[in-house]
Amino acid sequence: MPELPEVETTRRGIRPHIEGRTIRTVTVRERRLRWPVPRALARTLAGRCVTTVDRRGKYLLLRLDAGCLLLHLGMSGSLRVLPAPTPAAKHDHLDIIFENDTCLRLRDPRRFGSIHYTRGDPLRHKLLAGLGPEPLGEGFSGDYLHRAARGRKQSIKTFIMDSCIVTGVGNIYANEALFLSGIHPKRPAGRVALARYRSLAENIRAVLLRAIEEGGTTLRDFTGGEGQPGYFRIHLNVYDRAEQPCRVCAAPIRQHRIGQRSSFYCVNCQH
DNA sequence: CCGGACGCCTGTCGGC
DNA sequence: TGCCGACAGGCGTCCG
């Protein structure tokens, strides 16, 4: 579910409630997530203080006074801040309760999300070490993409969704950025010219920033850290708009699968 | 090395 | 109604 804008929205929603707070207890109701929740998690976290809440790609980093908690929301995960005695519903797998009776609750019906604790530098963690540049940070540009794509035959869409290339771009925003740059999603990544990669890099940034401003995209059930939906859906040009008229040329938006993922594009505007 | 397919899960929706 | 298949915001792993 959550791509970079939704994870960033979650980060901004939970941060003011938990930064500087000390963890009193942790309740794990379901250990079977994408990877098993560490058995010692509750013991490890009790008494720790959250110093900062950061993000790397689609991972949230809760930096503690000792170690760091990594959270990934998978397809259906969400985090929410609640007053401590709030009854848990189905799929509420984890509660982190702070000494001021604030509860940080993880809900994840499909259980594709994961939780990891690391003692050392989180950016060195196995799952983060190989990630590509942040699309909103330094080191990400059209020149970089063009260089990385050299000789690649895979589709441009699969290419920009590869977290080793650039992190945080998922199915919604890949479709949207390619539309904005007029690039057909099936075009081989190695056959996109530098000028078009410059446009694409700018549009990836632009669409992610705009989505963050709107609090992310809520398709069915995404909510930010304070339970609010995101409003970027209104601005989607192609994603989930099969057969609807292109906002530029009015031709019907096409949908078909690229690398097992639904892809949406305008045959008229994208080449 | 690269690229594509496959699972992992539950919930929802459309068709019959 | 109910059943069944397809599909859903991700990604590590396996195989050719």
Side-chain angles (χ1 to χ4, degrees), chain A residues 1-11 29-37 55-60 70-79 89-94 106-116 125-132 135 148-178 185-191 204 207-208 211-212 214-224 229-236 238-243 255-264:
Chain A
M1 151 221 273
E3 304 182 35
L4 188 150
E6 291 73 36
V7 178
E8 179 62 19
T9 296
T10 301
R11 187 184 77 84
R29 296 186 197 82
E30 176 58 82
R31 291 171 30 86
R32 298 170 302 165
L33 303 186
R34 179 74 169 83
W35 282 284
V37 176
R55 179 187 57 72
R56 175 77 174 99
K58 297 175 190 171
Y59 286 89
L60 282 169
L70 307 179
L71 285 160
H72 194 289
L73 300 176
M75 286 280 258
S76 58
S78 59
L79 280 173
K90 200 175 180 185
H91 307 307
D92 288 343
H93 304 315
L94 177 91
L106 173 73
R107 178 183 160 81
D108 186 1
R110 292 178 71 181
R111 293 193 270 125
F112 288 172
S114 58
I115 303 167
H116 317 263
H125 190 275
K126 181 186 169 188
L127 294 169
L128 302 194
L131 294 179
R150 193 167 299 161
R152 289 224 186 206
K153 290 175 180 168
Q154 70 179 158
S155 73
I156 180 74
K157 176 164 177 270
T158 309
F159 176 69
I160 60 171
M161 287 177 67
D162 182 343
S163 63
C164 306
I165 301 301
V166 56
T167 181
V169 180
N171 203 25
I172 294 178
Y173 302 107
N175 278 293
E176 293 299 312
L178 288 167
K186 270 196 85 172
R187 173 170 286 272
R191 297 209 292 108
I204 288 172
V207 76
L208 296 177
I212 292 169
E214 297 287 351
T217 301
T218 296
L219 294 174
R220 39 186 19 179
D221 54 9
F222 169 76
T223 57
Y231 296 100
F232 191 72
R233 187 176 194 175
I234 306 163
H235 304 286
L236 295 175
V238 288
Y239 186 86
D240 207 21
R241 293 196 65 240
E243 304 307 319
Q255 172 177 11
H256 84 108
R257 297 184 87 70
I258 300 173
Q260 350 285 88
R261 309 300 295 276
S262 261
S263 302
F264 301 85

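So you know, we letter chains A, B, ... as the sequences are listed, proteins then strands, and number each from 1.
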Nucleotide nearest A/Lys58 when distance is taken to its side chain, options C/dC11, C/dG9, C/dA8
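Side chain of A/Lys58 sits closest to C/dC11.
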Among C/dT13, C/dA8, C/dG9, the one nearest A/Lys126 by side-chain distance
C/dT13
Could you tell me the separation between the [atom1] atom of [X] and the [atom2] atom of [N], rounded to a whole number of Å?
X        : N      : atom1 : atom2 : answer
A/Arg220 : B/dG14 : CZ    : P     : 11 Å
A/Lys157 : C/dG10 : NZ    : C1'   : 12 Å
A/Phe159 : B/dC2  : CZ    : C1'   : 13 Å
A/His256 : C/dC7  : NE2   : C1'   : 17 Å
A/Leu71  : C/dC11 : CG    : P     : 14 Å
A/Phe232 : C/dG9  : CZ    : C1'   : 14 Å
A/Glu176 : C/dG9  : CD    : P     : 13 Å
A/Leu219 : B/dT12 : CG    : C1'   : 13 Å

Distance-minimising heavy-atom pair for [X] and [Y]:
X        : Y        : result
A/Lys157 : A/Arg261 : NZ-CB, 3.9 Å
A/Pro5   : A/Ile212 : CA-CG1, 3.7 Å
A/Glu3   : A/Asn171 : OE2-N, 3.3 Å
A/Arg29  : A/Leu94  : NH1-N, 4.0 Å

Reading nucleotides 3-10 of chain B from 5' to 3' and marking B where a protein heavy atom lies under 4.0 Å of the base, S where only the sugar-phosphate is that close, and - otherwise, the string is SSSBBBBB
Measure up the A/His93 and A/His91 rings against each other and bin them: parallel (under 30°), tilted (30 to 60°), perpendicular (over 60°).
perpendicular
Under 4.0 angstrom between A/His72 side-chain N/O and C/dG10 OP1 or OP2:
no
Phosphate OP1/OP2 of C/dG9 contacted by A/Arg261 side-chain N/O (<4.0 Å)
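The answer is yes; a side-chain N or O of A/Arg261 sits under 4.0 Å from OP1 or OP2.
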Is there side-chain contact between [X] and [Y], with at least one heavy-atom pair below 4.5 Å?
X        : Y        : result
A/Pro2   : A/Thr10  : no
A/Arg187 : A/Ser155 : no
A/His116 : A/His125 : yes

Could you check whether A/Tyr239 gets within reach of a base, just the sugar-phosphate, or nothing at all, counting any heavy atom under 4.0 Å?
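Sugar-phosphate, backbone atoms only, no base.
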Under 4.0 angstrom, heavy atoms only, what part of the nucleic acid is A/Arg257 near: base, sugar-phosphate, or nothing?
sugar-phosphate
From the options A/Leu219, A/Ile172, A/Thr218, select the one residue that forms a side-chain contact (heavy atoms from CB on, under 4.5 Å) with A/Arg233.
A/Leu219
Compute whether any side-chain donor of one residue and acceptor of the other, for A/Tyr173 and A/Thr217, lie under 3.5 angstrom apart.
yes
With rounding to the closest Å, how many angstrom separate the C1' atoms on C/dG9 and B/dG3?
23 Å
Spacing of the P atoms in B/dC9 and C/dC14 (rounded, Å)
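It comes out at 16 Å once rounded to the nearest Å.
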Consecutive-pair stems (3 or more, Watson-Crick or G-U, under 3.5 Å) for DNA chain C:
B:2-8 with C:10-16, B:10-16 with C:2-8
